[in-house]
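Order of the sequence lines sets the chain letters (A, B, ...), proteins ahead of strands, with each chain counted from 1.
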Protein chains: 2
Amino acid sequence: MDGSGRSAPKGRVPATIYDVARATGVSPSTVSRALNKPGRLSAATEQRIREAAAELGYRMNPMARALPTGKTGTLGLLVSDLTNPVYFDLVRGAERIARENGATLIFADSQESSELERDNAERLQVAVDGLLLVASRLDDAQIQELASVKPLVAVNRLVSGVSGVVPDVSPGMTEAINLLHRHGHRRIAYLAGPEASWMNGMRRLSVFDLAEDKGMTIVEIQSPAPTRDGGTESYPLVKAANVTAVLAYNDLVALGLLRACRAHGVDVPGDLSVVGFDDIFGADLPTPALTTVRSPMSDMGMRAVRMLLAVIEGEAESTQLILPTEFVNRESTAAPRR
Amino acid sequence: MDGSGRSAPKGRVPATIYDVARATGVSPSTVSRALNKPGRLSAATEQRIREAAAELGYRMNPMARALPTGKTGTLGLLVSDLTNPVYFDLVRGAERIARENGATLIFADSQESSELERDNAERLQVAVDGLLLVASRLDDAQIQELASVKPLVAVNRLVSGVSGVVPDVSPGMTEAINLLHRHGHRRIAYLAGPEASWMNGMRRLSVFDLAEDKGMTIVEIQSPAPTRDGGTESYPLVKAANVTAVLAYNDLVALGLLRACRAHGVDVPGDLSVVGFDDIFGADLPTPALTTVRSPMSDMGMRAVRMLLAVIEGEAESTQLILPTEFVNRESTAAPRR
DNA sequence: CTGAAAGCGCTTACAG
DNA sequence: CTGAAAGCGCTTACAG
């Protein structure tokens with residue numbers, strides 16, 4: 001039989017360890033060991049087996065391995081909204097570390113729906129060695145429940161007893177508020193994200209704490225959605241609130257608000273200062289470029305995967321990692337004109 | 001230690017069909033049938049089995065099922081660069097259709113490297129029922145080879161004998177060139193993408209054909225990378241080419257060029273018209289907002305998954321789907337000033 | 001309508 | 001260092 005020539009249209013039969021065992025004159029167990037526990041058998045046979053395997057185009061069947069070992073070599077990544085550019089860097093960082101460790105990433109989008117998120121989590125959980133929950137919309141108990149059946153690490157969410165990595169809102173936000181205060185802003189708004197979002201809670205809390213410390217007045221406005229459209233639709237409320245600066249839940253919302261301001265002839269930052277959160281792709285694109293607070297998303301993705309791998313190995317019981325945010329001062333903030 | 005339940009820290013033993021068989025007093029085969037071939041056994045037993053399964057929190061083990069059936073219920077999605085926002089909508093569309101059909105998406109990023117892409121493809125191929133290759137950097141023979149072992153559909157790439165879905169560059173590009181011509185542009189540039197990119201070839205060809213038809217002079221400039229930085233770095237060459245308009249390989253490059261123009265005090269569109277490609281997230285953000293040609297990425301992602309599912313079912317042998325692009329006229333194009 | 005049995009491809013004690 | 005055997009959780013002809 002020749003190697004590449006005359007295969008049936010679909011479904012050349014893949015070689016198994018039995019095929020390479022036969023080709024080498026050893027037992028399947030020996031083939032398995034040669035391929036997976038290098039050094040446990042004579043260098044000569046190992047070499048012969050490897051060559052035969054290569055010759056036959058043998059690929060290990062991960063499903064078959066998963067059965068006896070219970071390890072799939074696969075990690076599940078669940079995000080609340082894949083459409084949000086904020087997750088790109090995270091996904092990328094996660095993917096990189098997963099690959100470096102020979103793990104495969106499976107991912108799913110739960111579209112801001114906690115029901116869908118739970119479904120996805122349960123469905124994925126049987127197929128993976130561990131789960132990464134990003135910006136989960138589940139409640140603490142549900143997350144703890146999930147974490148009790150398989151290794152799990154939460155990203156952008158802190159849950160007692162569950163490993164997690166989150167940004168520390170404080171450093172970036174402190175600088176943002178300080179800057180606004182220095183510019184003379186005294187009455188500001190927080191344009192809030194989804195109530196089910198833990199990060200929204202953190203950002204909200206941080207803004208309120210910091211602003212009150214400075215003696216600033218702060219009003220809260222609920223954005224109808226954590227999206228650009230949500231930000232745009234919030235414009236009337238922002239306008240009505242009669243503030244000189246707004247801190248948005250995230251860049252998407254801030255960007256949407258910027259668009260609305262432009263449409264209504266409101267000068268940013270002259271009439272209104274706007275601060276975003278995340279520093280997503282595109283935040284620097286508009287004029288004025290968006291001032292924002294950056295979370296180390298790529299780093300968080302990498303750390304989260306490493307942590308997950310560690311708890312899979314049974315190394316870590318439950319660790320919480322807090323990574324600092326950073327203020328990115330661009331063009332959408334200045335002293336109020338009047 | 002902590003209070004949430006009595007389970008061992010990690011690894012509550014999951015229930016198997018044997019457990020529910022025992023609980024119901026039937027055989028495992030019957031359980032299997034009850035759960036997977038509804039209607040093939042008495043409604044009463046089926047009901048009892050379902051209840052017992054729910055009671056025990058039974059979840060099918062996809063690995064175990066994959067062994068005898070050879071079907072994993074999983075699709076692999078390979079993109080050349082996950083960081084490019086252009087893939088967001090595609091991924092989203094694909095994810096949606098996959099979920100609707102009970103399939104799980106596994107995805108991997110090959111970072112513009114054809115070696116990494118081949119590695120990923122081979123590694124994934126054994127674990128999935130089919131592969132989606134997006135903007136593949138492999139050559140035709142390699143893709144055909146991959147397609148010969150398992151169902152595969154290519155996106156943004158047409159390969160003879162291999163199913164694929166691609167945008168038809170023509171409608172959008174024709175309008176773009178027509179507009180430029182009407183504006184009086186006579187000497188334009190194509191700012192090219194990666195040579196290994198099939199889409200780059202298509203766009204390039206289309207631009208050249210269309211422009212020559214109109215009697216326009218067209219020069220080609222190679223962008224060092226298909227990224228914003230690549231576009232920015234191309235600025236000197238664009239400047240030197242002494243053209244009044246440039247069509248970029250994609251929006252990322254166009255956006256980068258826009259930034260460079262701004263930095264150098266070149267007025268867009270007064271001094272230079274810029275047209276992008278893709279209409280990625282953020283293309284409308286800068287001032288001037290980027291004029292571009294939109295590919296129906298979300299639709300392509302959905303169609304591609306449907307096609308893949310169809311070839312997995314053995315329905316389609318090899319189909320090529322061509323979806324029209326659309327011109328998006330924004331602010332970065334106008335009549336040249338001088 | 002339902003059960004007993006074989007088998008999917010691999011791993012891993014257990015013996016030599 | 002290597003092999004024979006059992007088993008992972010499921011499916012599916014094959015018989016009743």
Side-chain angles (χ1 to χ4, degrees), chain A residues 11-50 52-53 56-74 102 123 125-129 149-150, chain B residues 11-50 52-53 56-74 102 123 125-129 149-150:
Chain A
R12 197 178 312 174
V13 196
T16 71
I17 55 171
Y18 291 90
D19 298 319
V20 0
R22 203 172 312 122
T24 335
V26 299
S27 79
S29 2
T30 304
V31 174
S32 172
R33 281 188 282 254
L35 268 19
N36 300 305
K37 327 244 181 202
R40 294 238 307 177
L41 64 180
S42 80
T45 19
E46 182 174 329
Q47 184 56 18
R48 258 173 53 232
I49 292 175
R50 288 195 176 286
L56 293 171
Y58 169 77
R59 311 256 157 223
M60 204 256 309
N61 180 331
M63 309 300 163
R65 161 180 281 183
L67 255 204
T69 62
K71 292 283 170 246
T72 67
T74 276
R123 188 171 50 87
Q125 215 165 27
V126 301
V128 302
D129 294 341
V149 357
K150 276 235 177 126
Chain B
R12 196 178 314 173
V13 196
T16 71
I17 54 170
Y18 291 90
D19 296 319
V20 0
R22 202 172 312 123
T24 333
V26 300
S27 78
S29 1
T30 302
V31 174
S32 172
R33 282 189 280 256
L35 268 19
N36 299 305
K37 327 244 179 204
R40 295 239 306 178
L41 63 181
S42 79
T45 19
E46 182 175 329
Q47 184 55 18
R48 259 172 54 231
I49 293 175
R50 288 196 177 286
L56 292 171
Y58 168 76
R59 312 254 158 225
M60 205 256 309
N61 180 332
M63 309 299 165
R65 159 181 283 183
L67 254 204
T69 62
K71 292 284 171 244
T72 66
T74 276
R123 187 171 51 85
Q125 214 165 30
V126 301
V128 302
D129 294 340
V149 358
K150 275 231 179 129

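Separating the CG atom of A:N61 from the P atom of D:dC10 is a distance of 17 Å, rounded to the nearest angstrom. A straight line from CD1 of A:I17 to P of D:dA4 spans 13 Å, rounded to a whole angstrom. Rounded to an integer number of Å, the gap from A:E46 CD to D:dC1 C1' is 12 Å. Atom CZ in B:R65 sits about 21 Å away from atom P in C:dG7, given to the nearest Å. In this structure, NZ of B:K71 is placed 13 Å from P of C:dG9, rounded to the nearest angstrom. Computed from coordinates, the B:R22 CZ to D:dG9 C1' distance equals 13 Å when rounded to whole Å. Across the protein-nucleic acid pair, A:L67 atom CG and D:dT11 atom P stand 11 Å apart, rounded to whole Å.
Under the salt bridge (charged side-chain N to carboxylate O under 4.0 Å, His left out) criterion, B:D19 pairs with B:R22, sequence neighbours left out.
The nucleotide whose nearest atom lies closest to any side-chain atom of A:Y58 is, among C:dC10, D:dC10, C:dT2, C:dC10.
Nearest approach of A:K150 to A:V128, heavy atoms of both residues: NZ-O, 2.7 Å. Minimum interatomic distance between B:Y58 and B:A15 (heavy atoms only, all atoms of both residues): CD1-O, 3.2 Å. Of all heavy-atom pairs spanning A:A52 and A:T24, the tightest one is CB-OG1, 3.8 Å. A:A66 and B:M63 make their closest contact through CB-CG, 3.8 Å (heavy atoms, listed as atom of the first residue, atom of the second, distance).
Taking OG from B:S32 and NZ from B:K37, the interatomic distance works out to 7.5 Å, rounded to the nearest 0.5 Å. To the nearest 0.5 Å, atoms CG (A:N61) and OG1 (B:T72) are separated by 9.5 Å.
Contact annotation: A:N36 side-chain N/O to C:dC10 OP1/OP2 distance is not under 4.0 Å. Distances shorter than 4.0 Å separate some side-chain N or O of B:S27 from OP1 or OP2 on C:dG3. Remark: B:T16 is not in phosphate contact with D:dC8, judged by side-chain N or O atoms under 4.0 Å from OP1 or OP2.
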Just do the side-chain contact (heavy atoms from CB on, under 4.5 Å) check on A:L35 and A:M60 with the steps written out, would you? CA-CA 9 Å; A:L35 268 19; A:M60 204 256 309; over 6 Å; no
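Side-chain N/O atoms of B:S27 and B:T30 include a donor and acceptor closer than 3.5 Å.
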Under-3.5 Å N/O pairs linking protein and nucleotides 12-16 of chain C:
from	atom 1	to	atom 2	distance (Å)
C:dT12	OP2	A:K37	NZ	2.9
C:dA13	N6	A:R33	NH1	3.2

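The same atom, C1', is picked in C:dG16 and in C:dT12; the two are 16 Å apart, to the nearest Å.
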Which nucleotides of DNA chain D pair, in dot-bracket form (Watson-Crick or G-U under 3.5 Å, | meaning another strand): |||.||||||||.|||
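Counting atom types as modelled, A:Y18 pairs no side-chain N or O with a base atom of C:dC8 as donor and acceptor under 3.5 Å.
Counting non-hydrogen atoms under 4.0 angstrom, A:M60 reaches the backbone sugars and phosphates but no base.
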